[in-house]
Amino acid sequence: MGQRFQVYVQYTTKDTQTDDIRQALIPLHLQWSYGAYSVIRADQLLRYIYKNVHGDNEYGSKPCDDVSYSDFVHARSDWENKTMKTVCALLEVNQKSGSYQNTSLLVNMDDFSSETYTIDPTGQDNNDGCLIVKVSEDGVIKYGFYSYDMLNEEIDTDPISAEAYLEPYMEVQEQDEDLYLDLQLELDLCAKFDLLNQTEVIEIFETDYWYKDIFPDYEKREKRKEQQKITQKT
């Protein structure tokens, strides 16, 4: 078991300048998230997305209810519309236990030379698995877990449910026993959503994503770099 875990949220976004519609990704690293803590965060995230995509409380309200539908579908995902910031904040606080942890982006645009990037879930600092959530353009929400031992050199199997992901931890629950024994509501909520399949997961991680969807100042920084090059030549 471990404490290093990743969360990936793919959703549809619209470029405000060109009106082009494309897929965007929020790739996050969570320190100290495993077992029950990861299932609780899946519950929080799925409730939040459903509320803000569909505009109702069918699965119960959660914090950040003031974030609008456009924050997840057909909106540019920058700090201005709070999509990234809100998801980070939502996952940092375990609303059931009150524990807090830091989240960080898995992408640093200074490490790359192009306008787009891809993510390899098997190459991350991970010893506890990951959660993947896909929000389609028509509002369908799917999810899936991968345990650490399923993250081989390539994605070669379907992801598993929250219940299946949690099962190994139920055998080693000496610590936080009350937390582990009181997860039925979270498991029932996750079970209401369809699971992703292997093909869908592979497509998520083979997609090229735009830096400007998660770094609002990307274009400004690129212009500064070009200006610096021109200055250096003269």
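If you read the sequence from its start, that first residue is 1, and numbering goes on from there. Values reported hereafter were calculated over all heavy atoms of this structure, with side chains retained and with hydrogens, waters and symmetry mates removed.
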Do [X] and [Y] sit in the same hydrophobic cluster, where Ile, Leu, Val, Met, Phe, Trp and Tyr count as joined when their side-chain heavy atoms come under 4.5 Å apart?
X      : Y      : answer
Leu187 : Leu189 : yes
Ile132 : Val140 : no
Val39  : Tyr148 : no
Ile155 : Ile160 : yes
Ile119 : Val133 : yes

Considering only heavy atoms from C-beta outward, does the side chain of [X] approach that of [Y] to under 4.5 Å?
X      : Y      : answer
Leu131 : Ser38  : no
Ser33  : Arg41  : yes
Thr13  : Ile21  : no
Leu166 : Glu163 : no
Ile141 : Leu46  : yes

- Decide if atom CD of Gln198 counts as having more than 12 heavy atoms of other residues, nucleotides or ligands within a radius under 6.0 Å. yes

- Message: Can you confirm whether Phe205 is buried at CZ, in the sense that more than 12 heavy atoms of other residues, nucleotides or ligands lie under 6.0 Å from that atom?
- Response: yes

- For Tyr209, the option from Thr116, Ile204, Thr118 that meets side-chain contact (heavy atoms from CB on, under 4.5 Å): Ile204

- Under the criterion side-chain contact (heavy atoms from CB on, under 4.5 Å), which of Asp156, Thr157, Asp158 is the partner of Met150? Thr157

- Item | Criterion side-chain contact (heavy atoms from CB on, under 4.5 Å) on Gln23 and Lys134, from CA distance to verdict | CA-CA 10 Å; Gln23 297 300 313; Lys134 177 181 176 66; 4.2 Å; yes

Testing the basics here: between [X] and [Y], what is the closest heavy-atom pair and its distance to 0.1 Å?
X      : Y      : result
Ser136 : Thr12  : C-OG1, 3.9 Å
Gly144 : Leu196 : N-CD1, 4.1 Å
Tyr143 : Ala162 : OH-N, 3.0 Å
Asn197 : Pro159 : C-CD, 3.9 Å

- Message: Could you walk me through whether Gln124 and Leu106 satisfy the side-chain contact (heavy atoms from CB on, under 4.5 Å) test, starting with their C-alpha distance in whole Å, then the side-chain angles of each, then the deciding distance to 0.1 Å, before giving a yes or no?
- Response: CA-CA 8 Å; Gln124 306 303 321; Leu106 286 170; 3.4 Å; yes

- Task: Name all residues meeting the side-chain contact (heavy atoms from CB on, under 4.5 Å) criterion together with Asp120; count only those two or more places apart in sequence or in a different chain, and write none if there are none.
- Result: Thr122

Distance check, rounded to the nearest 0.5 Å: [X] atom [atom1] versus [Y] atom [atom2]?
X      : Y      : atom1 : atom2 : answer
Cys190 : Ile40  : SG    : CD1   : 10.5 Å
Tyr50  : Lys192 : OH    : NZ    : 10.0 Å
Phe5   : Leu28  : CZ    : CG    : 11.0 Å
Glu154 : Ile202 : CD    : CD1   : 7.5 Å

- Kindly determine whether Arg4 and Asp128 satisfy salt bridge (Lys or Arg N to Asp or Glu O under 4.0 Å), including the steps that lead there. CA-CA 6 Å; Arg4 298 188 296 279; Asp128 199 75; over 6 Å; no

- Start with the C-alpha distance between Leu45 and Ile49, add both sets of side-chain angles, then the distance that settles side-chain contact (heavy atoms from CB on, under 4.5 Å), and finish with yes or no. CA-CA 6 Å; Leu45 185 58; Ile49 293 174; 3.9 Å; yes

- Item | Qualifying residue, where the test is ring pair (Phe, Tyr, Trp, His ring centres under 6.0 Å) with Phe145 and the options are Tyr165, Phe193, Tyr34 | Tyr165

- Message: Using salt bridge (Lys or Arg N to Asp or Glu O under 4.0 Å), reason through Lys142 and Glu200 one step at a time and then give a plain yes or no.
- Response: CA-CA 10 Å; Lys142 294 184 177 181; Glu200 291 171 317; 2.9 Å; yes

- Take Leu25 and Tyr8 through the side-chain contact (heavy atoms from CB on, under 4.5 Å) test and state the conclusion after the steps. CA-CA 7 Å; Leu25 185 75; Tyr8 305 95; 4.2 Å; yes

